[in-house]
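Comments concern the structure below.
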There are 2 protein chains.
Amino acid sequence: MTPQRMAILQFLEGNIDHPSAEDIFNAVKKQYPMISFATVYNTIEKLKSIDGILELNIDTSRRRYDPNIKAHHHLICNSCGKIVDIQTDFKLTIPAHISRTFEIEGNQVEFYGTCHDCRKKKVIKR
Amino acid sequence: MTPQRMAILQFLEGNIDHPSAEDIFNAVKKQYPMISFATVYNTIEKLKSIDGILELNIDTSRRRYDPNIKAHHHLICNSCGKIVDIQTDFKLTIPAHISRTFEIEGNQVEFYGTCHDCRKKKVIKR
DNA sequence: GTTACTGCAAAGCTTTTGCATCCCT
DNA sequence: AGGGATGCAAAAGCTTTGCAGTAAC
């Protein structure tokens, strides 16, 4: 456990912004200006391997990370891209002919829509 | 409508493999060896803008495309990465305090598990 | 001639890797 | 000394962009 790792962990702890590697890098850089991406990616890799964070599939342009490792879902705003956690547990059943051949271990749901701020602003959907 | 675009459309038509840009490139290359990525990405962009294909958020390492634009969901094998469509329509309701502020327009579900082939092979989960 | 599309190449962005250095036992 | 982590820089992979040439109208 090094100071850089501590700083990364502190930034991630309780973070609900689904940060990217660059977000982590920039945040830790304030405290440790010499931090390198190698360290960030090394630490991410370590955390993933011990199930300390999840790598999210919700942004095609970059990988995002989530310290909330409990199964949960996301609301994604089509206008501003904001991503909000939703902890509801959905009991989803799939057709029997599929579950016979594909053993389901879990599910993840993304809801797409428009967040409160963007509805007020009437931002045009990109 | 150019020959290259025709070839891309033909490759995508009915394709259930969720190909990446490179997959498209390689497929069309057999018929048009001079095809360039610019053309592939241009065509993808056009198709997206007219809702001819969907860009999928199911692979962190590359963008994948799906000519099936009807709302549908995916089964993803944790062992081999195979992605299978599932057309079931899930009626998901979220807590009222959230739906009051976030206007839901749609949802997409990913199921994670182990496919038939991998269960037979007893492949270790990566 | 104008417009749109192609192919090539370069650039951009994100992620990975090689390596020298440093710190801690 | 040896193992592990760091920082730097280069490389790699995917995507975007600039530009000149070409085809269609």
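In what follows, every heavy atom counts, from backbone to side chain, and hydrogens, waters and symmetry copies are set aside. Each chain gets a letter, A, B and so on, in the order the sequences are listed, and its residues count up from 1. Everything quoted here is computed from the prediction, not taken from an experiment.
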State whether [X] places a side-chain N or O below 4.0 Å from either non-bridging phosphate oxygen (OP1 or OP2) of [N].
{"X": "B:Tyr41", "N": "D:dT16", "value": "no"}
{"X": "B:Arg5", "N": "C:dA4", "value": "no"}
{"X": "B:Lys46", "N": "C:dA4", "value": "no"}
{"X": "A:Thr39", "N": "D:dG7", "value": "yes"}

Between [X] ([atom1]) and [N] ([atom2]), how many Å, whole number?
{"X": "A:Arg63", "N": "D:dC14", "atom1": "CZ", "atom2": "P", "result": "10 Å"}
{"X": "A:Phe37", "N": "D:dC8", "atom1": "CZ", "atom2": "C1'", "result": "13 Å"}
{"X": "A:Ile24", "N": "D:dT6", "atom1": "CD1", "atom2": "P", "result": "13 Å"}
{"X": "A:Lys48", "N": "C:dT15", "atom1": "NZ", "atom2": "C1'", "result": "11 Å"}

Side chain of [X] only, please: which of [options] is the nearest?
{"X": "A:Ala38", "options": "D:dT16, D:dC8, C:dG7", "value": "D:dC8"}
{"X": "B:Arg62", "options": "D:dT15, D:dT6, C:dT14", "value": "D:dT15"}
{"X": "A:Thr2", "options": "C:dG7, C:dT6, D:dT6", "value": "D:dT6"}

Problem set entry | Pair B:Asn42, B:Thr39: side-chain N/O donor-acceptor within cut-off below 3.5 Å |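 No, B:Thr39 and B:Asn42 have no side-chain donor paired with an acceptor closer than 3.5 Å.
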For this session: Assign B:Ser61 to base, sugar-phosphate, or nothing according to its heavy-atom contacts below 4.0 angstrom with the strands shown.
Result: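 Since only primed, P, OP1 and OP2 atoms lie under 4.0 Å of B:Ser61, the category is sugar-phosphate.
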Exercise. Does the side chain to side chain donor-acceptor pair (under 3.5 Å) test come out yes or no for A:Asp66 and A:His72, once each step is laid out?
Worked result: CA-CA 10 Å; A:Asp66 195 332; A:His72 68 285; 2.9 Å; yes
Problem set entry | From CA spacing to verdict: salt bridge (charged side-chain N to carboxylate O under 4.0 Å, His left out), B:Glu103, A:Arg119 | CA-CA 8 Å; B:Glu103 186 173 27; A:Arg119 278 166 68 194; 3.7 Å; yes
For this session: Could you say whether A:Pro33 or B:Glu22 is positioned toward the 5' end of DNA chain D, judged by the nucleotide with the nearest heavy atom to each?
Result: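 Result of the comparison: A:Pro33.
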For this session: Check the angle between the aromatic planes of B:Phe37 and B:Phe25 and answer parallel, tilted or perpendicular using the 30° and 60° thresholds.
Result: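 Aromatic pair B:Phe37/B:Phe25 classed parallel.
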